[in-house]
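Take a look at the structure below.
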Amino acid sequence: MDRDLLRLLRADGRASIRSVAERVHVSRANAYARINRLLDDGVIRGFSARIDQERAGHGASAYITLKIVQNSWRSVREKLQELPGAAHMALVSGDFDVLLLVHTPDTRALRDLVLTRIQSFPEVLSTRTLLVFEETDLEPGP
């Protein structure tokens, strides 16, 4: 039942408790209690809107890979969180250490973000920028 609740809320975070309860065939009180438990347990971290970045004034998006000084993830994460347009970051394995998704108004702002801001961090050894030509949010499966 929790998976059904999560699937429904992921598809429409604004759905009413009543409609969610009806769709999973439980009482409103039961659905409300389960959703609150999922929130309390940290399974649901919050509710947000899916944004069309281009319509929101962000004409340039990119994934930026970073190689960083070993054991500097925590300080790099704090600095990246402060960057304008930073949307998602992950510590990963492989040829680079960090994968960062950014949205900027244009390529000039993207260039400034990478060359002036990110590459000035002493923990950053190198970067690679992958320009996003098109993106699609994947909808939750059935």
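From a predicted model like this one, the values you see are computed outputs, not experimental measurements. Just the heavy atoms: all of them, side chains too, but no hydrogens, waters or symmetry mates, feed the values below.
No donor-acceptor distance shorter than 3.5 angstrom exists from the side chain of Thr116 to the backbone of Leu113, with no hydrogens or angles considered. A donor-acceptor contact shorter than 3.5 Å links the side chain of Asp106 to the backbone of Arg108.
For residues 77-91, the set of pairs meeting the side chain to side chain donor-acceptor pair (under 3.5 Å) definition, not counting sequence neighbours, comprises Lys79-Glu123.
Between atom CG of residue Leu131 and atom OG1 of residue Thr107 there is a gap of 8.0 Å, rounded to the nearest 0.5 Å. Taken to the nearest 0.5 Å, the CG atom of Leu110 stands 11.5 Å off from the NE2 atom of His58. For the atom pair CD1 (Ile118) and OG (Ser126), the distance works out to 12.0 Å, reported to the nearest 0.5 Å. To the nearest 0.5 Å, atom CD1 of residue Ile64 and atom CE of residue Met89 are 11.0 Å apart. Atoms CG and CG, on Asn30 and Leu5 in that order, are 8.5 Å from each other to the nearest 0.5 Å. Of the inter-residue distances, the one linking Arg128 atom CZ with Thr65 atom OG1 reads 6.0 Å to the nearest 0.5 angstrom.
Note: the hydrophobic cluster containing Val92 does not contain Leu66 (ILVMFWY, side chain heavy atoms under 4.5 Å, direct or indirect links). No path of Ile, Leu, Val, Met, Phe, Trp and Tyr side chains, each step under 4.5 Å between heavy atoms, connects Leu99 with Leu83, placing them in separate hydrophobic clusters. Leu101 and Leu91 are assigned to two separate hydrophobic clusters, defined by single-linkage of ILVMFWY side chains at heavy-atom distances under 4.5 Å. Val24 is connected to Leu39 through a chain of hydrophobic side-chain contacts under 4.5 Å among Ile, Leu, Val, Met, Phe, Trp and Tyr, so both are in one cluster. Phe96 and Leu125 end up in different hydrophobic clusters when Ile, Leu, Val, Met, Phe, Trp and Tyr side chains are linked at under 4.5 Å.
For the pair Arg37 and Asp2, the salt-bridge criterion is met [side-chain N within less than 4.0 Å of a carboxylate O].
Shown here for Ile17 and Arg28, the closest heavy-atom pair between the two residues is CG2-O, 3.6 Å. Taking both residues in full, the closest heavy atoms of Ala21 and Ser27 are given as CB-O, 3.7 Å, listed atom of the first, atom of the second, then distance. The shortest heavy-atom contact between Asp97 and Ile68 is OD2-N, 2.8 Å.
Other residues, nucleotides and ligands place more than 12 heavy atoms under 6.0 Å from the CD atom of Gln119. Annotation: Asp40, atom CG; neighbour count of heavy atoms from other residues, nucleotides and ligands within 6.0 Å is above 12. Applying the 6.0 Å contact sphere to OH of Tyr32 captures no more than 12 heavy atoms from other residues, nucleotides or ligands.
Residues satisfying the salt bridge (Lys or Arg N to Asp or Glu O under 4.0 Å) test with Glu22, not counting sequence neighbours, are Arg18.
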request  = I would like to know whether Phe121 and Leu80 meet side-chain contact (heavy atoms from CB on, under 4.5 Å); could you show each step before the answer?
outcome  = CA-CA 10 Å; Phe121 299 164; Leu80 294 176; 3.8 Å; yes
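Donor-acceptor pairing under 3.5 Å is lacking for the side chains of Ser72 and Ser75.
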